K.L.:
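I'd like to ask you about the structure that follows.
Since the structure is predicted, the reported quantities are computational estimates derived from the model, not experimental observations. We count ligands from 1, going down the list as the structure has it; atoms in each ligand are counted the same way.
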Amino acid sequence: MKIPSSIWTLLIGIVLTLASLWYGQNHGLLPAAATDEAVLVDGLFNTMMIVSTGIFLLVEGILIYSAFKYRRRAGDNEDGPPVEGNVPLEILWTAIPAIIVIGISVYSFDVYNEMGGFDPHSIHEAPMNQESMKMPGAAIAATLSDASTNTASDHDRAQMVQQHSVTIAQNVEEENKPAELQVNITGLQYAWIFTYPETGITTGEMHVPIGRKVQINMTANDVIHAFWVPEFRLKQDAIPGRQSEFRFTPKTAGDYVLICAELCGPYHGAMRAPVVVEPQEAFDKWVQEQLVASKETFNQAIAVNPADLSPNEFLAPYTKDMGIKPEILHQVHH
Ligand code: CUA
């Protein structure tokens, strides 16, 4: 019994499609997806993986099949049949890639748009730095920075920020919810500095709470660096004299690493910073710890005001290192 070739084609088509669909979603090539945006990017990547797997299997399959089926047999010294073009086939193999490429480009534009890539400024109207003071939101910024220098409690401040965010969201017709947490990032050779303008925290590691939209305002002090957290599927240049803005919503708790993705000097490879995605309660606790820590260092700085110290006290740390006893120093002094 002989199975007709159309049945074979159908069967092979079904197997190829199933294999591509399976591999496209089980390739295991990507790290954990830790933001809502990462899910969008992975959807696009998986789609491209499905299409590529299908094309790879089809092309390689036909190649191997043909190499075997049409191999040179013993005693066969003739030329092959002279095949000269096939218009329908050429139209077909031009049309299929064209449709695939157009489809992927439309899909990727949509993903980029959903991530806010086309308009990162749309709801950023509560600026915290000098550069953005020129923007329409300057009055709001002034209020906020005044609040951070007077005695208003952190709670009041957080409320103010929230109220402003709500007003801003109403002004701007945007489906996306407004940024709920601002983080200013500065890249410099060879470190990342994170500042939380709403609380005044400055730190070397970034903490972000799950489920809250984070707005990053990023710049660089010296040369171009680039923000890259593979698990966030986000990469953005940090450019001196310019502010790069982007948003993301953390999704999966974990410890990640911010890697500088722009060759910025001999220690570029070491320019990394810890990134912690954690539940809201853990984040709030961390914020409190940071606030306490910064107050302590502030008090310590006042405690060692040299004007209040006697010469002996002032010199003590140095003379101790030099092996000079305080009593001797006292005698010399007099
Ligand atoms: Cu900074 Cu590479």
K.L.:
Taking 2.8 Å as the cut-off, does an N/O/S atom of Tyr190 lie below it from atom 1 (Cu) of ligand 1?
P.N.:
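No - counting backbone and side chain alike, Tyr190 has no N, O or S atom under 2.8 Å.
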K.L.:
Would you sort out whether Gln288 and Asp284 count as a side chain to side chain donor-acceptor pair (under 3.5 Å), showing the intermediate values?
P.N.:
CA-CA 6 Å; Gln288 287 312 315; Asp284 291 339; over 6 Å; no
K.L.:
Restricting to N, O or S, what is the name of the atom of Glu262 that lies nearest atom 2 (Cu) of ligand 1?
P.N.:
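Closest N, O or S atom of Glu262 to atom 2 (Cu) of ligand 1: O.
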K.L.:
Can you sort out the partners of Lys235 under salt bridge (charged side-chain N to carboxylate O under 4.0 Å, His left out), two or more places apart, ordered by chain and number?
P.N.:
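Per chain and number, Lys235 pairs via salt bridge (charged side-chain N to carboxylate O under 4.0 Å, His left out) with no residue.
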K.L.:
To make sure I understand the geometry: which N, O or S atom in His225 is closest to atom 1 (Cu) of ligand 1?
P.N.:
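In His225, the heteroatom (N, O or S) nearest atom 1 (Cu) of ligand 1 is ND1.
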K.L.:
Short check: any N/O/S atom of Cys264 below 2.8 Å from atom 2 (Cu) of ligand 1?
P.N.:
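Given the 2.8 Å cut-off, Cys264 counts as a ligand of atom 2 (Cu) of ligand 1.
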K.L.:
Closest N/O/S atom of His268 to atom 2 (Cu) of ligand 1, by atom name?
P.N.:
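The nearest such atom is ND1.
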K.L.:
Hey, would you say the His207 and Phe194 ring centroids sit under 6.0 Å apart?
P.N.:
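That pair fails the under 6.0 Å test.
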K.L.:
Can you find a side-chain donor-acceptor pair between Gln215 and Asn217 that sits under 3.5 Å?
P.N.:
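Yes, because at least one side-chain N or O of Gln215 sits under 3.5 Å from a partner of the opposite role on Asn217.
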K.L.:
Any side-chain heavy-atom pair from Trp286 and Phe283 closer than 4.5 angstrom?
P.N.:
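Counting from C-beta outward, Trp286 and Phe283 do come under 4.5 Å.
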